[in-house]
S.K.: 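Let me give you the structure first, and then I'll get to my questions.
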Amino acid sequence: MKTNQVVTRFAPSPTGFMHVGGVRTALYAWLFARKNGGKFILRIEDTDKEREVQGSIEHIMKSLKWLGIEWNEGPDIGGPNAPYIQSERKASHQKYAQQLIDKGLAYADPYTEEEVEGFRKQAEEAKKPFLYRDYRPENPPVWDGSQPLRLKIVDPKESHWHDLVRGDLSAGPEALDDFVIIKSDGYPTYNFAHIIDDLEMGVTHIMRSDEFISSTPKYLALYEALGIERPEFVMLPPIMGADGKKKLGKRDGAKDAMDYQREGYLPQALMNFLAFIGWNPGGEKEVFTPQELIEEFSIERIHTSGGKFNEEKLKWFNKEHLKLMLEDAQKEYIRPAVVGLNVTQDAGRIERSLLSTLERISYSGEVAGLLENGELNYLRDEIVLDPALIAWKQSTQQDAYNHLGVVLDKLAGVPSITQAFTDDLLAYATEHGKGNVLWPLRYVLSGSQKSPDPFTLLTILEKEEAVKRIEAGRTQLAGIL
């Protein structure tokens with residue numbers, strides 16, 4: 001199916017783990033299609049039944065949808081090239097396989113595993129590389145679907161191709177050998193199936209990781225044998241671990257894409273972060289909305305070298321995207337994490353604390369850590385004070401007692417915490433030493449050496465609760481003076 005329209009695809013295997021490398025491949029293919037007014041297809045390559053994990057297809061779709069990557073055709077919505085589950089396309093694969101047989105370019109493999117192992121030993125004893133074509137049967141049996149079907153490499157030669165990222169590439173004839181295109185279970189191999197599926201779906205640009213470079217000569221041999229036009233190749237750079245020395249893998253801390261949702265990252269932040277691992281639009285700007293990424297994306301800006309997966313940078317992106325949100329959206333984002341702490345039944349106090357909490361985190365998964373280190377103790381209905389910590393540095397406990405008394409007097413003169421009250425308190429603290437006045441106030445309000453500033457605490461707790469806590473602090477001080 002030839003088309004002038006850009007058509008890209010993401011074709012993951014349903015093996016359970018949605019690696020961020022796969023997500024980035026899907027992202028680049030989606031961005032390029034959207035940038036060029038084209039189509040983005042989701043296709044599931046499930047012909048390796050031994051590795052398939054139940055529920056993976058749903059997990060893949062859920063992950064992409066969370067990120068905002070939507071497809072024009074796919075397993076759930078169908079399309080003109082259905083089905084989009086590779087195992088359901090066996091009839092197409094076998095049709096093209098028969099064409100190769102009819103051309104004399106594919107043959108049924110009659111050998112057992114033991115016989116093949118014997119061939120390998122012969123080659124080893126002769127100190128030659130094992131090439132299957134050296135043992136190709138002269139009169140192969142008629143293929144009945146129960147034997148592996150192999151492509152016949154009639155004329156091993158150098159392979160040459162152009163990649164839109166890496167330029168002109170090549171491989172020697174040793175990269176080619178007769179290889180299986182249909183397995184004995186009737187399912188096609190990846191090498192064969194994806195070429196047929198891409199052909200029938202009109203895919204124009206194939207984006208995939210650079211680990212497939214070594215397999216490209218096989219793909220080229222199939223394009224030639226089938227007499228079909230090559231699509232454009234776009235080999236993407238690897239995502240490296242934090243040390244930059246090896247590809248990011250599960251052992252290096254690679255997570256499932258949905259782990260980032262569970263931890264509280266924004267999908268647009270993860271999208272922005274992944275886009276910049278291997279691509280850069282140029283210039284100083286780093287924070288892009290999804291629409292801005294679509295507008296800026298180009299294959300020409302994809303790097304050839306791998307980029308590091310730096311979670312600290314991801315945190316930074318999340319913080320920056322939080323700043324772009326309206327205040328109501330910010331509160332909506334952080335509220336579940338604060339409510340989930342279960343430290344108070346005072347819904348008003350929680351609501352008034354949301355923006356202050358948001359200022360001190362990069363993503364909502366860090367909220368629990370704020371409670372652990374004491375920064376959210378002030379949200380508790382009951383706090384425990386250590387009188388020895390109430391006074392500021394060289395200031396005395398008597399000074400702290402006196403300053404807290406002044407604050408109580410000032411609170412008694414106002415119906416609620418207002419800007420005027422805050423200004424008056426700040427003027428008093430400036431006159432008598434900010435630490436001497438504000439540290440005791442902050443500590444008795446929060447019960448912690450780590451907390452928001454006392455003015456923020458007063459606003460969150462409101463007058464009645466603030467008075468209660470200040471009086472409790474003065475009572476403890478009075479007991480030791």
S.K.: Hey, what do you get for CG (Leu42) to CD1 (Ile60), rounding to the nearest 0.5 Å?
M.R.: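 Here the rounded value is 7.0 Å.
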S.K.: Establish, yes or no, whether the cationic atom of Lys319 lies under 6.0 Å from the six-membered ring centre of Trp316 and within 45° of the ring axis.
M.R.: no
S.K.: Atom NZ of Lys450 and atom OH of Tyr443: how far apart are they, to the nearest 0.5 Å?
M.R.: 14.0 Å
S.K.: Which residue, Arg349, Glu465, Glu351, forms the side chain to side chain contact (heavy atoms under 4.5 Å, CB included) with Ile460?
M.R.: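 Looking at Arg349, Glu465, Glu351, the match for Ile460 under the side chain to side chain contact (heavy atoms under 4.5 Å, CB included) is Arg349.
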S.K.: One pair to check against side chain to side chain donor-acceptor pair (under 3.5 Å): Asn373 and Glu375. What are the steps and the verdict?
M.R.: CA-CA 6 Å; Asn373 69 19; Glu375 289 186 59; 3.0 Å; yes
S.K.: Mark yes or no: Arg474 above the aromatic ring of Tyr401, with NZ or CZ under 6.0 Å from the six-membered ring centre and no more than 45 degrees from the axis.
M.R.: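 Judged by the rule, Arg474 and Tyr401 form a cation-pi pair.
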S.K.: Quick one: does NZ or CZ of Lys218 land under 6.0 Å from the six-membered ring centre of Phe179, within 45 degrees of the ring axis?
M.R.: yes
S.K.: Regarding Glu73 and Tyr84, do their side chains bring together a donor and an acceptor under 3.5 Å, going by distance alone?
M.R.: yes
S.K.: Assert yes or no for the condition that the ring centre distance of Phe10 to Trp30 is strictly below 6.0 Å.
M.R.: no
S.K.: Taking atom types as modelled and ignoring hydrogens, do the side chains of Asn377 and Ser446 form a donor-acceptor contact shorter than 3.5 angstrom?
M.R.: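 No - no donor-acceptor pair under 3.5 Å links their side chains.
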S.K.: Under the side-chain contact (heavy atoms from CB on, under 4.5 Å) criterion, do His321 and Leu324 qualify, and how do the steps go?
M.R.: CA-CA 5 Å; His321 277 276; Leu324 298 178; 4.0 Å; yes
S.K.: In Å, rounded to the nearest 0.5 Å, how long is the span from CG of Leu31 to CG of Asn36?
M.R.: 11.0 Å
S.K.: Is the NZ or CZ atom of Lys313 positioned over Phe273's six-membered ring, under 6.0 angstrom from the centre and within 45° of the axis?
M.R.: no
